[in-house]
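What follows is a set of notes on a single structure, which appears directly below.
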Amino acid sequence: HRTMSTNTTTASNEFAQDFLNFLDESCSAHHAVEASSKRLLAAGFSKISERDEWFQSASNISKLERGQKYFFTRNGTTIIAFSVGKQFPLSGGAYTILGAHTDSPCLKIKPVTCLNKQDALMLNTTPYGGGLWHTWFDRDLGLAGRVILRSADGSLRSELFRIDRPIARIPNLAIHLTSGTERDSFAPNLQEHAKALLSMDPTFINNKDFNGSSDVGSRIHPALLALVASSLPESARGDTIVDVEAQLIDVQKPCLGGAAGEFLFSGRLDNLCSAYQCLRALIDAADDPASQSSVKMSMLFDHEEVGSASCQGAGSSLLMDTLTRINRCLSDQLRGDSLMCSLRNSFVVSADMAHGLHPNYSSKHDSTMAPHINQGLVIKHNANQRYATNAVSASLFRQVAKLMGIPMQEFSVRSDSGCGSTIGPIIATLSGILTVDCGTPQFSMHSIREMMGTQDAYTGYVHMKGVLIHHPSIAINID
């Protein structure tokens, strides 16, 4: 265990405050991308579109230039940002890629949003990902997501919304009404017992006034539509709501905790912590004068919690499509295998949260590789390729930690335990790029309210920034 210097502690605390703001803004994957976009624009990144041509063959004009910074989004839930080094070569240049995901387990609202149960208006929930669903009971819940709007000219557009007050709750059943078996093993039926109570007020329930299309009222309760409409910006109030994509959110704000402020409490730490570490690392390393020979990238994907198999997930063609388009803009077109050369010179860091050593459940860990809170990022190892780490990628990642003067740790699950996975093996499979899997240790993973170390948030960012600065100069040439 290393003691942090006063300067490092100050930087850690400042980073934690910025991170808390990001968490508060990022109540859904849509809002996380919006919060990321805002920070990228403020840092001088230019927004581009996948719909546009990045390279015009007829005129041999590239939209991308060396020394510039760009980003784009897909579906509003995945965001790709990159900076092009001023000395990026015409062939075989390295891509240094930080990857994470924007989504977290939650209770989403079905397209038919409400139902009546015993004179109560209930939100029709469905689980997204593998959550600790019992932690959603007896919590003050709001609602967030996006709406699809039709303007007066008939065109469709989307707008984010957020109802950040406790409009809903999933109440537990009183202990007097449960059996001993139910109390011993709380396992609610998510279809029957996880509907969120929205209202029991007859006036609210019987409200028929809403600003929506004729068909949307049959799917989305008018009173709920009115709530959503009231949360939209003034500029959107005159448009017609044609659909709503929503999820429940915990209205309790992120905060520092612990007797010495050594912990950070929030929902969605898995994986917004990694996402923010990657984003900030790219923003702060993009213009580093000593590392201008590569393309530095941050790729924050949606749908990792449900397998990554979507058009905006890591399992899509998005990664390779993006690398191909960048390479076409920046490489010598006479060198047909320049992208293949680049892939072999590149490096991916797949960042996803790790299981910290729980003081009440220490037997759940391999005692030789159990990560401790506030002692640095964790390299994840798995012989069965649930993680993409190998000896080469791990050695490179350890070398970065030494160069940056920060601690790091090793992790593997017990040999008698199953192992989760990440976007790391998916990206390595699709691209053939050398990949390391890592993560920040935390407690309560997939709970509605998670916790991690305050110092770890900053240390992870420094590690990510170090990768962007020192790769490819320290790349290991082992085939």
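One finds no salt bridge joining Asp437 and Arg386 here, because no Lys/Arg side-chain nitrogen approaches an Asp/Glu carboxylate oxygen to under 4.0 Å. Here Asp288 does not pair with Lys465 in a salt bridge; the nearest charged N to carboxylate O distance is not below 4.0 Å. The pair Lys63-Asp52 meets the salt-bridge criterion, since a charged nitrogen lies less than 4.0 angstrom from a carboxylate oxygen. Taking the charged nitrogens against the carboxylate oxygens, Lys38 and Glu25 do have a contact shorter than 4.0 Å, which makes a salt bridge. A salt bridge between Asp24 and Arg162 is present, with a side-chain N of the basic residue lying under 4.0 Å from a carboxylate O of the acidic one.
Using modelled atom types, one side-chain atom of Thr389 and one backbone atom of Lys380 make a donor-acceptor pair closer than 3.5 Å. With hydrogens and angles disregarded, a donor-acceptor distance shorter than 3.5 Å links the side chain of Thr125 to the backbone of Ala194. Listed for the His446 side chain is a donor-acceptor partner under 3.5 Å among the backbone atoms of Gly130. The backbone N or O of Ile448 lies less than 3.5 Å from a partner atom in the side chain of Thr135, making a donor-acceptor pair. Checked by atom type and distance alone, the side chain of Ser151 never pairs as donor or acceptor with a backbone atom of Gly154 at under 3.5 Å. In this structure, the side chain of Arg157 does not engage the main chain of Ile148 through any donor-acceptor pair within 3.5 Å. Between the side chain of Arg268 and the backbone N or O of Ser26, at least one donor-acceptor pair lies under 3.5 Å. Judged by distance alone, with hydrogens and angles left aside, the side-chain atoms of Arg219 form no donor-acceptor pair with the main-chain N or O of Lys110 at under 3.5 Å. The backbone N or O of Met340 lies less than 3.5 Å from no partner atom in the side chain of Arg344, so there is not a single donor-acceptor pair. The backbone N or O of Thr77 sits nowhere less than 3.5 Å from a side-chain atom of Asp302 that would complete a donor-acceptor pair.
The CG atom of Leu430 lies 11.5 Å from the CG atom of Leu343; values are rounded to the nearest 0.5 Å. Between the NE2 atom of His31 and the CG atom of Leu272 there is a distance of 12.5 Å, given to the nearest 0.5 Å. Distance check, rounded to the nearest 0.5 Å: CG of Leu143 to SG of Cys27 gives 9.5 Å. Taking CG of Leu123 as the start and CG of Leu107 as the end, the distance is 10.5 Å to the nearest 0.5 Å. Atom CG of Asp287 and atom OG of Ser83 lie 7.0 Å apart (nearest 0.5 Å). Between Met464 atom CE and Thr96 atom OG1 the span is 13.0 Å, to the nearest 0.5 Å.
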Decide yes or no on side chain to side chain donor-acceptor pair (under 3.5 Å) for Tyr276 and Asp18, but give the supporting numbers first. CA-CA 10 Å; Tyr276 190 63; Asp18 291 338; 4.6 Å; no
Which is it for Asp103 and Glu304 under the side-chain contact (heavy atoms from CB on, under 4.5 Å) test, yes or no, and what are the steps along the way? CA-CA 7 Å; Asp103 61 318; Glu304 188 276 341; 3.8 Å; yes
Working note: Tyr95 + Asn345, criterion side chain to side chain donor-acceptor pair (under 3.5 Å); need CA distance, chi angles, decisive distance, verdict. CA-CA 7 Å; Tyr95 294 86; Asn345 291 325; over 6 Å; no
Do Asn13 and Thr454 pass the side chain to side chain donor-acceptor pair (under 3.5 Å) test, and can you show the C-alpha distance, the side-chain angles, and the key distance before you say yes or no? CA-CA 7 Å; Asn13 291 338; Thr454 305; over 6 Å; no
Please determine whether side chain to side chain donor-acceptor pair (under 3.5 Å) holds for the pair Asn124 and Thr113, giving the CA-CA distance in whole Å, both sets of side-chain angles, and the decisive distance to 0.1 Å. CA-CA 5 Å; Asn124 195 13; Thr113 60; over 6 Å; no
Checking salt bridge (charged side-chain N to carboxylate O under 4.0 Å, His left out) for the pair Arg146/Asp243: CA distance, chi angles, key distance, verdict? CA-CA 9 Å; Arg146 69 174 173 181; Asp243 209 351; over 6 Å; no
Determine, stepwise, if the pair Ser331 / Ser91 fulfils side-chain contact (heavy atoms from CB on, under 4.5 Å). CA-CA 5 Å; Ser331 68; Ser91 181; 5.7 Å; no
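Asp366 and Arg414 get closest at one heavy-atom pair: N-CG, 3.4 Å. What you find for Thr422 and Ser350 is that their closest heavy atoms are OG1-OG, 3.4 Å. Scanning both residues, Asp352 and Asp270, for their nearest heavy atoms gives OD1-OD1, 2.9 Å. Between Ala351 and Asn271, the closest heavy-atom pair is O-ND2, 2.9 Å. Nearest heavy-atom pair, Ser293 versus Pro89, reported as atom, atom and distance to 0.1 Å: O-CD, 3.5 Å. Taking every heavy atom of both residues into account, Met353 and Cys273 meet most closely at SD-CB, 3.6 Å.
Both tests pass for Arg280 against the ring of Tyr461: distance under 6.0 Å to the centre and angle within 45° of the axis.
With contacts defined as side-chain heavy-atom distances shorter than 4.5 Å, the pair Leu339/Thr324 qualifies. Using a 4.5 Å heavy-atom cutoff, the side chains of Met404 and His470 are in contact. In this structure the side chain of His101 reaches within 4.5 angstrom of the side chain of Glu305, judged on heavy atoms. Contact check for Gln375 versus Pro441: no side-chain heavy atoms found under the 4.5 Å cut-off. Contact of the Val216 side chain with the Val242 side chain is not registered, since no non-hydrogen atoms from C-beta on lie closer than 4.5 Å. Residues Met408 and His463 have side chains in contact (heavy-atom distance under 4.5 Å, counting atoms from C-beta outward). Considering only heavy atoms from C-beta on, Asp250 stays 4.5 Å or farther from Trp136 through its side chain. Between Val349 and Ile97, every side-chain heavy-atom pair lies at or beyond the 4.5 Å cut-off.
Put simply, the residue from Phe72, Phe45, Tyr70 that forms a ring-ring contact (aromatic ring centres under 6.0 Å, His included) with Phe82 is Tyr70.
By the salt bridge (Lys or Arg N to Asp or Glu O under 4.0 Å) test, Glu50 is found to be paired with Arg74, residues two or more places apart in sequence or in another chain being considered. Residues forming a salt bridge (Lys or Arg N to Asp or Glu O under 4.0 Å) with Glu65 (at least two apart in sequence, or on another chain): none.
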Cut-off 3.5 Å, no hydrogens considered: what does the side-chain donor-acceptor table look like for residues 393-401, sequence neighbours left out?
residue, atom, partner, partner atom, Å
Ser393, OG, Asn390, N, 3.0
Ser393, OG, Asn390, O, 3.2
Ser393, OG, Asn390, OD1, 3.2
Ser393, OG, Thr435, O, 2.9
Ser395, OG, Ala391, O, 2.7
Arg398, NE, Glu410, OE2, 2.8
Arg398, NH2, Glu410, OE1, 3.3
Arg398, NH2, Glu410, OE2, 3.4

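Judged purely by distance below 3.5 Å, without hydrogens or angles, the side chains of Asn382 and Ser412 never pair a donor atom with an acceptor atom. Residues Gln277 and Thr440 bring a donor and an acceptor atom of their side chains to less than 3.5 Å of each other.
Taking the six-membered ring where the residue is Trp, the centroids of His471 and Phe347 are separated by under 6.0 Å. In this structure, Tyr361 has its ring center no closer than 6.0 Å to that of Phe443.
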